[in-house]
Amino acid sequence: MCHALLQDPAFFRFLSHIDAELAEEARLGRCLRCNGPLHVADFPRKPRGCPATVREEYSWRLSFTCGRCDTRTTPVSVRFLGRRVYVAVMLMLVSPAGGHAALSVRDGLKVPARTLLRWRAWWRRDFQQTRFWQSVVSRFMPPPTGDLLPQSLLERFQGPGCLERMAQLLRFVCPMSAYPM
Ligand SMILES: [Zn+2]
């Protein structure tokens with residue numbers, strides 16, 4: 001399991017670099033409504049689940065507004081998933097109730113038990129019905145076992161260590177970060 005990542009500021013900074021790259025791509029794409037230039041208009045977040053040393057940089061969601069029509073463009077993110085207050089990586093580490101890993105997330109990071117229940121239900125049911133998952137599930141053969149999500153999905157990504165595999169998983173699911181969930 002990859003739970004040590006949750007205590008690793010270098011991992012969280014690595015994700016910030018990926019988000020900066022994703023934001024730069026969005027900025028170069030200009031405003032999708034009028035093709036106007038995009039200006040920085042980050043908005044504040046209250047992040048939960050990240051180490052204290054990176055809290056400041058995780059307190060901002062990178063975003064832009066159009067200099068011509070004022071429409072907001074918020075790039076996808078590997079750090080935040082939709083409006084959830086917990087950082088995205090925590091949702092990727094949800095595991096079956098009662099297991100050692102589940103207890104370390106609950107106790108070490110003080111995630112309320114009801115939040116964990118909600119996350120498990122989301123993986124078992126809602127996630128598998130998202131437009132995102134419906135559009136990508138056929139890439140996996142056989143498809144990851146639904147009852148074992150998200151671990152069954154993480155296992156499909158290759159890499160020398162947890163950091164690389166988790167970063168790939170977060171990149172993979174980041175199209176979902178643009179939808180309200
Ligand atoms: Zn515009």
Side-chain angles (χ1 to χ4, degrees), residues 5-6 8-94 111 115 118-119 121-123 125-140 143-144 149-150 153-154 156-157 159 163-181:
L5 289 175
L6 292 173
D8 181 2
F11 171 68
F12 281 83
R13 291 199 189 97
F14 180 60
L15 297 183
S16 291
H17 287 300
I18 296 176
D19 264 13
E21 286 170 15
L22 293 169
E24 181 59 11
E25 279 171 31
R27 192 184 67 78
L28 293 173
R30 302 176 71 90
C31 173
L32 293 179
R33 180 180 281 180
C34 76
N35 204 36
L38 295 180
H39 301 311
V40 171
D42 299 345
F43 55 87
R45 303 237 0 182
K46 281 202 173 67
R48 285 198 209 150
C50 63
T53 47
V54 298
R55 184 150 300 137
E56 173 57 31
E57 68 187 76
Y58 273 67
S59 294
W60 294 94
R61 178 73 162 89
L62 304 180
S63 189
F64 303 98
T65 50
C66 175
R68 214 178 273 159
C69 75
D70 214 33
T71 298
R72 184 172 278 281
T73 296
T74 299
V76 294
S77 169
V78 294
R79 301 186 301 172
F80 305 110
L81 211 46
R83 294 179 188 152
R84 290 171 190 279
V85 291
Y86 284 93
V87 290
V89 60
M90 290 194 70
L91 204 70
M92 304 301 136
L93 291 169
V94 178
V111 179
T115 302
R118 209 169 55 231
W119 289 353
W122 181 78
W123 280 111
R125 197 184 50 221
D126 311 68
F127 170 73
Q128 295 176 58
Q129 288 163 9
T130 56
R131 265 184 301 158
F132 167 75
W133 185 240
Q134 298 291 326
S135 69
V136 296
V137 65
S138 62
R139 292 190 210 169
F140 299 98
L149 287 168
L153 187 54
L154 179 61
R156 302 301 176 94
F157 293 91
L163 185 148
E164 293 82 3
R165 289 169 47 225
M166 183 59 77
Q168 284 185 64
L169 173 58
L170 289 167
R171 262 185 193 277
F172 178 73
V173 300
C174 81
M176 278 196 306
S177 65
Y179 312 138
M181 290 193 308

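Reckoned from all heavy atoms, side chains included, excluding hydrogens, waters and symmetry mates. Atoms within a ligand are numbered from 1 in the order they appear, just like the ligands themselves.
Using cut-offs of 30° and 60° for the angle between ring planes, the Phe127 and Trp122 rings count as tilted.
Between Leu91 and Leu81, the shortest heavy-atom contact is CD2-CD2, 3.6 Å. In this structure, Val111 and Met90 approach most closely via the heavy-atom pair CG2-CE, 3.3 Å.
Excluding waters, the protein N/O/S atoms found under 2.8 Å from the Zn ion (ligand 1) are Cys31 SG, Cys34 SG, Cys66 SG, Cys69 SG.
Put simply, CZ on Phe43 and OG on Ser59 are 12.5 Å apart, with the number rounded to the nearest 0.5 Å.
Cation-pi check for Arg79 over Tyr58 is met; the charged atom lies under 6.0 angstrom from the ring centroid and within 45 degrees of its normal. Relative to the ring axis of Phe80, Arg61 does not place its NZ or CZ within 45° and under 6.0 Å from the centre.
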